[in-house]
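Everything on this sheet refers to the single structure shown next.
In what follows, chains carry the letters A, B, and so on, assigned in the order in which the sequence lines appear, proteins first and then strands, with residues in each chain numbered from 1. Note: hydrogens, waters and symmetry copies are ignored here, and every other heavy atom, side chains too, is used. This is a predicted model, so every value here is computed, not measured.
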Amino acid sequence: MPELPDVEVFKRYVNSTSLHQKIESVEVRNTKILGGVSAGKLQSTLKGRMFESTRRYGKNLFVELDDGGWLLMHFGMTGRLKYFKDMDQDPPHDRFLISFENQYHLAFDCQRMLGKVDLIEDLEKFIGEKKLGPDLLELDSVSFRERFGGRKGAVKSALMNQQVVAGVGNIYSDEILFQARVHPGTEVGRLDDAALEKLFRETRRVLKAAIERGADPQKLPNSFLLSHRREGEKCPRGNGEIRKIKAAGRTAYYCPACQPKANC
DNA sequence: AGTACCACCTGACGGC
DNA sequence: TGCCGTCAGGTGGTAC
């Protein structure tokens, strides 16, 4: 689940629940979700501190501590956050639990444990080391075209490559390509400036619409592919039947009628 | 530079 | 009911 829109929603969730309160305790329930930091270091660093602000870059969420430094959260495939008071509300796959002085808790729930929690000193350094491309909501259309220009390979692969542009994964790449009427296997080099411009606009429109609706698939417009990700399902534009293929190593859903393979 | 494949994990689902 | 293979929206490594 957690692509750019989801992580942006998590960021706003942290902003509205967890800032400016003293952290009373920290519990690491499964060390597999830790990045480079040890459980002890994480506990000693967070205890007694407060969260001051948040930042998102691609699919990464950073939470700033009141004495500098950042808590990094990456949600993998199944990560999410939950803020609650009574421990009977503790989510089922709570791997990392922060307890505040106000008796509320923030849980990092991560069923498949592919998410990561870590401590970061320098955001720019982190982004540089990961070689992340620009965040998809931060770059303009010129930079977008530059990032794609001269690349080889399939457009879906490029959209999902965090080193090209950061934030989009399998689900939203399908959505963007559907909205832009581009077949997922289209070679990037076959897209002219107009097509890249269209792709850029649809990327922004899709991501922003998803964020506005809390990244909840149920709340997205019916014109979106997202809730029709089943083979044989009718295309939301009424043009064809949704098909499932392997593209860029992932399962891609698309509408052959809206997204013809003609110019791949 | 790109791609294909595997690994990391748990859990849900369909077939038998 | 139970067992087994397959698959799932992410990332990173390796080999080609």
Side-chain angles (χ1 to χ4, degrees), chain A residues 1-10 28-36 56-61 72-81 91-96 108-118 120 126-133 135-136 146-178 184-191 203 206-207 210-211 213-220 224-233 242 244-254 264:
Chain A
M1 184 218 291
E3 301 181 36
L4 188 152
D6 312 273
V7 179
E8 180 64 26
V9 169
F10 293 155
V28 176
R29 298 189 163 179
N30 195 313
T31 54
K32 288 201 172 70
I33 56 104
L34 294 180
R56 182 193 57 71
Y57 193 101
K59 303 175 188 172
N60 298 283
L61 177 61
L72 160 68
M73 289 188 274
H74 189 286
F75 298 92
M77 280 171 68
T78 54
R80 60 201 183 101
L81 294 174
H93 315 287
D94 177 3
R95 312 299 187 195
F96 172 61
F108 180 84
D109 185 81
C110 190
Q111 181 197 110
R112 289 175 64 190
M113 299 198 289
L114 299 173
K116 280 283 173 283
V117 169
D118 209 343
I120 300 292
F126 172 82
I127 292 162
E129 282 172 357
K130 295 273 181 188
K131 301 187 172 68
L132 295 176
D135 182 272
L136 270 169
E146 276 171 9
R147 299 300 295 176
F148 281 75
R151 287 191 62 83
K152 297 194 70 177
V155 63
K156 180 175 169 71
S157 173
L159 261 181
M160 287 198 302
N161 185 337
Q162 303 302 295
Q163 302 192 346
V164 177
V165 283
V168 160
N170 197 32
I171 292 284
Y172 282 100
S173 63
D174 280 356
E175 187 65 57
I176 290 161
L177 293 169
F178 174 73
T186 307
E187 291 282 326
V188 174
R190 316 274 315 216
L191 298 172
T203 298
V206 165
L207 296 178
I211 291 167
R213 291 163 174 79
D216 180 352
Q218 310 274 312
K219 294 186 180 143
L220 289 171
F224 273 42
L225 176 67
L226 217 132
S227 49
H228 306 274
R229 293 174 65 80
R230 278 178 301 277
E231 191 147 43
E233 183 104 350
I242 301 304
K244 177 170 118 168
I245 56 168
K246 280 282 176 197
R250 315 301 300 271
T251 306
Y253 291 89
Y254 76 108
C264 289

* With the sugar-phosphate defined as primed atoms, P, OP1 and OP2, and the base as all remaining atoms, what B/S/- string results for nucleotides 9-16 of chain C, 5' to 3', for protein heavy atoms under 4.0 Å? -> BBBS----
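Partners of Ser227(A) by side-chain contact (heavy atoms from CB on, under 4.5 Å), not counting sequence neighbours: none found. Listed by chain and residue number, Asp174(A) satisfy the side chain to side chain donor-acceptor pair (under 3.5 Å) test with Arg229(A) (two or more places apart in sequence, or in another chain). Judged as a side-chain contact (heavy atoms from CB on, under 4.5 Å), and not counting sequence neighbours, the contacts of Met77(A) are Arg112(A), Leu114(A). Residues satisfying the side chain to side chain donor-acceptor pair (under 3.5 Å) criterion with Glu3(A), sequence neighbours excluded, are absent altogether. Contacts of Arg80(A) classified as side-chain contact (heavy atoms from CB on, under 4.5 Å), with partners at least two apart in sequence or in another chain: Phe10(A), Pro91(A), Pro92(A), Asp109(A). Contacts of Leu226(A) classified as side-chain contact (heavy atoms from CB on, under 4.5 Å), with partners at least two apart in sequence or in another chain: Ile171(A), Tyr172(A), Glu175(A), Pro217(A), Leu220(A). Residues satisfying the side chain to side chain donor-acceptor pair (under 3.5 Å) criterion with Glu233(A), sequence neighbours excluded, are His228(A), Arg230(A). Listed by chain and residue number, Phe144(A) satisfy the ring pair (Phe, Tyr, Trp, His ring centres under 6.0 Å) test with Phe148(A) (two or more places apart in sequence, or in another chain). Legend: residues meeting side chain to side chain donor-acceptor pair (under 3.5 Å) with Asp94(A), ordered by chain and number and at least two apart, are Arg29(A).
No donor-acceptor pair closer than 3.5 Å links the side chain of Asp135(A) to the backbone N or O of Gly167(A).
With P as the reference atom, dC6(B) and dG5(C) are 16 Å apart, rounded to whole Å. dT6(C) and dC5(B): their P atoms are spaced 15 Å apart (whole Å).
Stretches of at least 3 consecutive Watson-Crick or G-U wobble pairs, with each checked distance under 3.5 Å, appear in DNA chain B as B:2-8 with C:10-16, B:10-16 with C:2-8.
Among the protein residues, Ser157(A) comes within range of the sugar-phosphate backbone only, with heavy atoms under 4.0 Å from sugar or phosphate atoms but none that close to a base. Counting non-hydrogen atoms under 4.0 angstrom, Lys116(A) reaches nothing in the nucleic acid. Residue contacts shown for Ala248(A) are absent, as no nucleic acid heavy atom lies under 4.0 Å away.
Read 5' to 3', the first and last nucleotides of DNA chain B with an atom closer than 4.0 Å to a heavy atom of chain A are dG2(B) to dG11(B).
Taking atom CZ of Arg230(A) as the reference point, atom C1' of dA8(C) lies 15 Å away to the nearest angstrom.
Side-chain contact between Val7(A) and His74(A) is absent, with no heavy-atom pair separated by less than 4.5 Å.
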